[in-house]
Amino acid sequence: LHVLTHSFPTRRSSDLLKPLRIGSTVDISSLRNKNFLYNPPNKNYKCLLYCIAYFLIFGTLIQRRPTASEELIIKKETKKFNLKKMKFPTSIDDLKRFLKNNQHLDLTVNVLYRGTDEVIYPLEFGLGSGKKIVNLLLLNTAQGAHFVLIKNVDKFLRKAYLNDEKKVSSYQNSYTCLHCLNSFSSA
């Protein structure tokens, strides 16, 4: 896992991802600290909606994969959303439209981006004006792109220390700034 640790010239995320429509299925088994992600099922290209519904129902409390019955509850929750003028698979512009259509959800969304080069950097920060903060990771692969929910940004982005057998022996205790993705030892 590589995390960008220096500034870079900013581009509008909608320009960066203009031709890209988010929605393909992505295998996240190679990601370090994947236990702090919710990777939604994505047969109908609605990964964004499943991430938002998961967050609204469970917050960031459960650290395990949802059960089949919990996945049905998540799917049912997505039916309550106002999807006016949205397209699926979704784009960043559709995410902005979703937040405008669903202001009653009281959400602010941050989006981190991981490209095929495995570098993670901030893509969008502070979309929406709500009090509930949702952190999403947009994965880009050769097959397309996919939203996953980051349950705990600090734990997901923390550095892992490996032992002689190349297995994780401990983790860095740090806090991550979502503007620059630098980590700090105190909040």
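Please read these numbers as outputs of a predicted model, since none were measured by experiment.
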Residue pair Leu127, Leu95: steps toward the side-chain contact (heavy atoms from CB on, under 4.5 Å) verdict: CA-CA 9 Å; Leu127 297 177; Leu95 169 58; 3.7 Å; yes

Plane angle bin for Tyr38 and Tyr54 - parallel if under 30°, tilted between 30 and 60°, otherwise perpendicular: parallel

Audit row: Leu112, Leu123, side-chain contact (heavy atoms from CB on, under 4.5 Å) steps and yes/no: CA-CA 5 Å; Leu112 302 180; Leu123 182 64; over 6 Å; no

For the student: nearest non-hydrogen atoms of Ile28 and Lys34, plus distance: O-CD, 3.4 Å

Charged N-O contact under 4.0 Å between Arg65 and Glu71: yes

Side chain to side chain donor-acceptor pair (under 3.5 Å) partners for Ser129, two or more places apart: none

Partner set under side chain to side chain donor-acceptor pair (under 3.5 Å) for Lys80, not counting sequence neighbours: Glu77

Step-by-step side-chain contact (heavy atoms from CB on, under 4.5 Å) determination, Leu149 to Asn135: CA-CA 6 Å; Leu149 175 69; Asn135 295 302; 5.8 Å; no

Check: Tyr50/Asn39 side-chain N/O donor and acceptor closer than 3.5 Å: no

Over-ring placement of Lys151 relative to Phe36, 6.0 Å and 45° cut-offs: no

pair His146-Val148: side-chain heavy atoms closer than 4.5 Å: yes

Interatomic spacing from OG in Ser91 to CG in Leu138 - rounded to 0.5 Å: 10.5 Å

Distance (rounded to the nearest 0.5 Å) between Met86 CE and Lys96 NZ: 13.0 Å

